[in-house]
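Working notes, beginning with the structure itself.
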There are 2 protein chains.
Amino acid sequence: MANNAVLDPVLDRSFAACSHPIRRGILERLGEGEMTVGEATGGFGVSKPAISKHLKVLEEAGTIVRVIDGRTHRLRLRTDPLDDAYAWIGKQRELWERKFDTVEEYLREQRDRRGQQQKTDTTADRPDKEA
Amino acid sequence: MANNAVLDPVLDRSFAACSHPIRRGILERLGEGEMTVGEATGGFGVSKPAISKHLKVLEEAGTIVRVIDGRTHRLRLRTDPLDDAYAWIGKQRELWERKFDTVEEYLREQRDRRGQQQKTDTTADRPDKEA
DNA sequence: GCTATTGTTAACCATATGGCTAACAATGCA
DNA sequence: TGCATTGTTAGCCATATGGTTAACAATAGC
């Protein structure tokens with residue numbers, strides 16, 4: 001990949017971690033507090049190896065931390081990566097809202113201009129042939 | 001998958017859409033307003049077919065809408081899927097914070113109890129072996 | 001010491017990503 | 001008409017996901 005400017009593997013993994021229902025379910029449960037793998041992942045209806053892989057994805061994304069405690073592994077949530085993901089979407093939403101404002105301004109300007117010169121610019125509010 | 005309760009393919013695709021820097025870059029640009037494929041995807045240093053695939057992922061996630069306008073394709077952002085993703089993380093963050101509150105309450109209770117009985121529970125404020 | 005419990009790794013398979021080149025489709029334009 | 005522009009599809013390849021069964025590792029407990 002030539003464009004090395006916006007590369008952010010952390011964000012990549014954070015979003016990828018959230019892109020599967022089982023992983024989201026695990027994160028939701030861990031929101032209740034530290035618990036064992038069995039407690040955090042029981043009842044999802046998949047095999048233990050499948051669970052192990054999901055945990056690996058979550059761990060490599062930095063969303064969970066594992067503490068091996070004897071025979072069991074205790075899992076704890078790490079909120080930082082999801083905070084980053086949240087912040088990215090939040091930043092975009094700000095931009096959209098600001099843009100929607102200017103669009104409203106634009107439409108108001110169009111309305112005003114039409115009120116003045118009464119031309120045939122029906123193209124102004126045409127939302128383009130909808131697919 | 002046995003657990004069919006929490007299945008949310010829309011959320012799956014929304015998060016997956018954000019999990020690649022080029023796709024995030026495209027979404028960022030489209031935040032500026034409707035534009036052509038060339039305008040929205042230029043300069044990422046990958047081939048056109050690669051771009052086409054990213055657009056397909058974004059489109060199937062519902063994050064963009066394509067309007068074929070003669071020779072060019074005009075792209076427009078659709079904010080709903082990202083709003084949903086934002087809301088999911090936001091909900092989790094609320095739970096975490098509420099949990100942190102109760103943890104603080106718990107610690108305060110511990111502190112109070114120690115003040116009363118002066119026992120040797122140094123384990124109360126230990127944040128567990130930091131992996 | 002033996003056995004049950006907890007969880008992982010190994011090996012395999014199917015599908016999705018993410019990239020490429022080559023070719024095509026549809027316009028716009030001289 | 002002919003050519004340049006815009007963008008996709010087809011085919012190929014490598015790697016990551018997401019699942020399985022079988023086997024292993026480590027510990028807890030009888």
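Within every chain, numbering begins at 1; the chains are lettered A, B, ... in the order of the sequence lines, protein sequences first and strands thereafter.
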*Using the closest heavy atom to pick a nucleotide of DNA chain D for each, name whichever of B/Lys53 or A/Ser47 lands nearer the 5' end.*
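In this pair, the answer is B/Lys53.
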
_Contact nearer the 5' end of DNA chain D, comparing A/Arg71 with A/Ser19_ =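 Nearest-nucleotide comparison on DNA chain D picks A/Ser19.
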
Separation of atom [atom1] in [X] from atom [atom2] in [N], rounded to whole Å:
X	N	atom1	atom2	value
B/Lys48	C/dC20	NZ	P	13 Å
A/Ile51	D/dT17	CD1	C1'	14 Å
A/Asp12	D/dT17	CG	C1'	15 Å
B/Ile22	C/dC20	CD1	C1'	13 Å
B/Lys56	C/dA16	NZ	P	9 Å
A/Arg74	C/dT6	CZ	C1'	13 Å
B/Ile68	D/dT8	CD1	P	8 Å
A/Leu58	D/dA16	CG	P	17 Å

Would you say [X] places a side-chain N or O within less than 4.0 Å of OP1 or OP2 belonging to [N]?
X	N	value
B/His54	C/dG19	yes
B/His20	C/dA16	no
B/His73	C/dA26	no
A/Arg23	D/dG18	yes
B/Ser52	D/dG7	no

*Value rounded to 0.5 Å, distance of OG1 in A/Thr79 from CG in A/Asp84*: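 Rounded to the nearest 0.5 Å, the OG1-CG separation comes to 9.5 Å.
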
*Provide the closest heavy-atom pair for A/Val37 versus A/Thr41 in the form atom of the first, atom of the second, distance.*
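So the minimum-distance heavy-atom pair works out to O-OG1, 2.7 Å.
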
*Classify the ring geometry between B/Phe15 and B/Trp88 as parallel (under 30°), tilted (30 to 60°) or perpendicular (over 60°).*
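If you compare the ring of B/Phe15 with that of B/Trp88, the planes turn out perpendicular.
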
*Indicate, with a heavy-atom threshold strictly under 4.0 Å, whether A/Ala50 touches base, sugar-phosphate, or nothing.*
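Base, at least one base atom sits under 4.0 Å.
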
*asked:* What contact category does A/Thr72 fall into here, base, sugar-phosphate, or nothing, at under 4.0 angstrom with non-hydrogen atoms?
replied: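 A/Thr72: backbone/sugar contact only, no base atoms under 4.0 Å.
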
*Would you mind telling me which of C/dG7, C/dA10, D/dT9 lies closest to the side-chain atoms of A/Pro49?*
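The answer is C/dA10, which lies nearest to the side chain.
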
_Electrostatic pair A/Glu39-A/Arg29, nearest N-O below 4.0 angstrom_ =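 Answer for the salt bridge query: no.
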
_Sole residue of A/Glu60, A/Glu34, A/Glu59 in salt bridge (charged side-chain N to carboxylate O under 4.0 Å, His left out) with A/Arg66_ =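 Between A/Arg66 and the candidates, salt bridge (charged side-chain N to carboxylate O under 4.0 Å, His left out) is satisfied uniquely by A/Glu59.
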
